[in-house]
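What you see below is based on every heavy atom in this structure, not just the backbone, and it leaves out hydrogens, waters and symmetry mates.
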There are 2 protein chains.
Amino acid sequence: MPQLGLLPGRAWAALLGQLLRPPRVVCLGAAHSHSQVAEAVLASQLKPRQEKSNFILKTPKEMLAEKYGEDSGLIYDLKDQGGELLSLRYDLTVPFARYMAMNKLKKMKRYHVGKVWRRESPTIAQGRYREFCQCDFDIAGDFDPMIPDAECLKIICEILTGLQLGDFLIKVNDRRILDGMFAICGVPESKFRAICSSIDKLDKISWKDVRHEMVTEKGLAPEVADRIGDYVQCHGLPGGLSLVEQMFQDPRLSQSKQALEGLGDLKLLFEYLTLFGIAEKICFDLSLARGLDYYTGVIYEAVLLQTPAPAEEEPLNVGSVAAGGRYDGLVGMFNPKGHKVPCVGLSIGVERIFSIVEQRMKTFGEKIRTTETQVFVATPQKNFLQERLKLIAELWDAGIKAELLYKNNPKLLTQLHYCENMGIPLVVIIGEQELKEGVIKLRSVATREEVAIKRENIVAEIQKRLFES
Amino acid sequence: MPQLGLLPGRAWAALLGQLLRPPRVVCLGAAHSHSQVAEAVLASQLKPRQEKSNFILKTPKEMLAEKYGEDSGLIYDLKDQGGELLSLRYDLTVPFARYMAMNKLKKMKRYHVGKVWRRESPTIAQGRYREFCQCDFDIAGDFDPMIPDAECLKIICEILTGLQLGDFLIKVNDRRILDGMFAICGVPESKFRAICSSIDKLDKISWKDVRHEMVTEKGLAPEVADRIGDYVQCHGLPGGLSLVEQMFQDPRLSQSKQALEGLGDLKLLFEYLTLFGIAEKICFDLSLARGLDYYTGVIYEAVLLQTPAPAEEEPLNVGSVAAGGRYDGLVGMFNPKGHKVPCVGLSIGVERIFSIVEQRMKTFGEKIRTTETQVFVATPQKNFLQERLKLIAELWDAGIKAELLYKNNPKLLTQLHYCENMGIPLVVIIGEQELKEGVIKLRSVATREEVAIKRENIVAEIQKRLFES
């Protein structure tokens with residue numbers, strides 16, 4: 001049984017290797033999140049050490065408020081015994097920004113997996129949950145333009161490729177281009193974020209409906225909406241700079257200073273993406289807006305082009321599996337003096353990826369190992385528990401992942417079947433014969449070959465086999 | 001800079017390797033906890049899929065109630081918008097038991113790291129927090145006696161040894177022995193758990209004070225208290241069965257059927273601990289009681305015998321760093337039909353271990369690497385960002401952990417200092433000269449030796465060096 005085809009080496013690969021094991025498997029925990037990117041609000045209540053720097057956070061609602069735009073309604077509120085209002089964190093980004101500010105950190109590069117909560121009306125078909133798990137990666141700090149941004153996109157590509165989720169595309173846009181576009185189309189600045197949220201729906205509903213929302217609900221003049229329509233219906237080709245160039249030439253858009261800044265950065269970004277060998281996975285898309293308020297620059301969203309599905313089944317509609325962007329203002333909002341720390345990051349929807357991987361396993365009859373056990377300690381005889389325990393302790397002490405059945409007298413067949421079901425590659429067998437001869441039988445589960453190894457050499461032999469495999 | 005001296009191989013070793021990195025480091029998240037051992041209560045509110053099997057959990061308070069004895073006052077309560085009472089999980093054990101029951105699982109072996117909340121009045125000196133991180137390992141299922149229990153103790157020994165926390169001792173006792181002892185001393189059964197909580201304080205306050213509490217607060221007759229005193233002041237020697245044997249012979253205690261069961265299991269346990277080579281780390285201690293209500297059999301608690309402290313500083317008073325026991329009734333409490341799943345497990349206090357490791361680092365001037373970066377990509381020249389990006393992408397694509405400075409033109413000295421500070425072992429250097437000759441300079445940070453490697457061989461050479469180191 002193969003493990004998932006994850007690239008080795010990068011920390012997220014190991015991480016997602018963990019993520020992708022079925023729920024019964026051991027999981028690594030948010031070991032540091034309490035000190036690193038703790039619950040946005042609870043931490044401020046609970047951490048005595050931090051009270052000094054906490055005054056901003058004393059009214060937790062304010063902390064989550066005005067960060068999420070129209071999504072704010074989804075913030076999951078609670079009330080603690082003291083009657084102070086608390087909320088469960090809506091994402092990992094705002095708590096990360098708060099942590100940076102509270103600890104006066106100027107730069108950090110980290111990833112974090114944790115749960116977030118949203119008051120959705122959950123319909124699993126849409127892959128929406130009220131409690132779900134996000135995996136975030138962020139690079140905070142004042143660096144030269146687009147280098148960390150390009151790395152974020154490289155990481156998304158590595159993850160989606162490594163997880164074999166099928167073909168994907170990453171849409172890229174820039175908030176400054178959108179704002180410039182809104183300005184030259186005649187959107188009042190007060191409506192910029194609201195119109196962003198409308199445009200963000202273009203991947204779910206038609207332009208006609210979005211236009212209707214902008215005009216009727218958000219009070220945009222029809223001709224303004226139509227001007228926006230001309231732009232947001234422009235999609236660049238993957239890897240291509242042609243649309244960027246076209247927008248540079250656009251007589252109206254080129255009037256906007258901030259739009260030009262955004263376009264300039266996109267051009268630089270695509271240069272770096274080409275060096276990273278991923279440009280053909282990325283396309284400039286003026287209709288990408290992202291709902292959240294806190295983005296200030298480049299934004300991106302990865303969508304799967306098709307998900308494998310059994311002939312008889314509907315393909316999963318999972319929407320975007322990863323998204324993110326640059327948020328240069330968020331940390332400053334938590335800093336008493338307003339000191340800014342530019343940030344760029346990405347979020348991966350873990351459940352969505354699970355559902356795709358699970359469906360793929362169903363489709364292709366794949367099986368993923370649910371344990372890391374390397375060696376199983378077995379015996380053909382009764383009353384050999386003591387020898388099994390002595391042997392497994394030797395393996396454990398040598399750092400070998402080993403297990404046995406917690407039974408005094410298990411049947412050999414039961415033990416071997418267990419190894420086949422669990423995909424354990426090696427079995428060490430000790431019985432009267434082996435004990436007498438001072439050997440251990442080493443069995444390969446796949447080939448069923450057995451060889452007798454001197455007891456004193458068994459650890460070395462196992463390590464050799466594990467290294468070769 | 002050495003990584004911590006953790007044994008390789010076992011999953012918890014990797015886990016604790018993660019735990020022990022300073023907070024700025026990437027951390028692996030509770031990827032599966034939402035589906036595995038989610039917040040005791042919130043999950044029941046938030047998971048629509050599970051509502052069917054949720055009816056028991058519809059009154060969350062009841063779920064956490066009557067599990068923690070006198071500690072129940074520490075449960076951190078909240079109130080959600082709907083007005084339904086919620087609590088933050090007090091530990092990872094009750095949520096795990098609930099998960100087993102809700103999903104009708106008969107066995108599971110897993111570890112989990114996550115935050116728990118308690119309404120302590122926090123004083124960092126005591127190492128008590130209101131929000132802290134626990135690492136739990138549990139074996140659930142109906143197995144032959146004491147085999148999983150012995151593995152739990154083996155794991156505690158491996159962890160504490162691997163983390164080099166200094167000499168430690170694991171006290172072991174059994175709830176059935178305590179209850180038998182209470183019975184023959186004349187404690188009314190209704191007072192068993194309350195007296196347990198009093199005895200549990202013996203590691204913090206004197207027998208005199210505990211006796212006073214039992215008599216005045218818990219209404220125990222003085223002579224009953226004194227009889228208990230005779231027992232709880234008996235401590236066995238590490239590895240020794242003598243106290244167990246002595247209790248077998250005890251004219252009064254040997255009257256108690258359940259005490260004899262407990263003593264019999266302890267005898268078996270010590271046999272297995274000897275096979276695991278850890279018996280000398282374990283001692284039978286009749287004063288070990290554990291506060292929590294849910295334990296039904298063997299209980300244990302690991303204490304450090306001394307913590308390294310700088311001459312001028314107070315040694316940390318961290319109390320127990322790991323503890324646990326057998327809780328055979330808890331899962332049944334969440335099962336509509338009361339079906340039981342025997343469980344044994346352990347909890348490790350992550351912050352306490354951090355504070356010890358941090359103090360050790362201070363004491364011995366140790367430094368722990370805060371990143372896993374294997375190779376740094378540097379250049380001596382200006383305007384070499386493109387070549388650095390192309391090169392680092394090659395390394396990333398080969399699964400090598402690499403980083404560079406996010407600057408267009410960093411100074412070479414800055415780049416090399418960064419590697420020394422971060423403990424990055426290798427540097428690849430690309431400049432005009434190298435580009436012309438089609439080579440990459442490979443530098444060992446420790447020895448400062450540099451060799452020129454053909455560009456096409458650089459990945460292989462790095463992988464060779466990393467494997468050898």
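In this structure, the separation between CG on A/D142 and NZ on B/K407 is 7.5 Å, given to the nearest 0.5 Å.
Listed by chain and residue number, A/I139, A/F143, A/R326, A/V344, B/Y406 satisfy the side-chain contact (heavy atoms from CB on, under 4.5 Å) test with A/P148 (two or more places apart in sequence, or in another chain). The side-chain contact (heavy atoms from CB on, under 4.5 Å) search around B/N408 returns A/D144, A/I147, A/Y272, B/L385, not counting sequence neighbours.
Counting only heavy atoms from C-beta outward, the side chains of B/L275 and A/R388 never approach each other to under 4.5 Å.
Shortest non-hydrogen contact noted between B/I392 and A/F276 is CG2-CE2, 4.0 Å.
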Under the side-chain contact (heavy atoms from CB on, under 4.5 Å) criterion, do A/E151 and B/L389 qualify, and how do the steps go? CA-CA 10 Å; A/E151 182 168 341; B/L389 293 179; over 6 Å; no
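Most heavy-atom pairs under 4.5 Å with chain A: of the set B/E271, B/Q134, B/Q386, this distinction falls to B/Q386.
Using a 4.5 Å cut-off between heavy atoms, A/L466 makes no contact with chain B at all.
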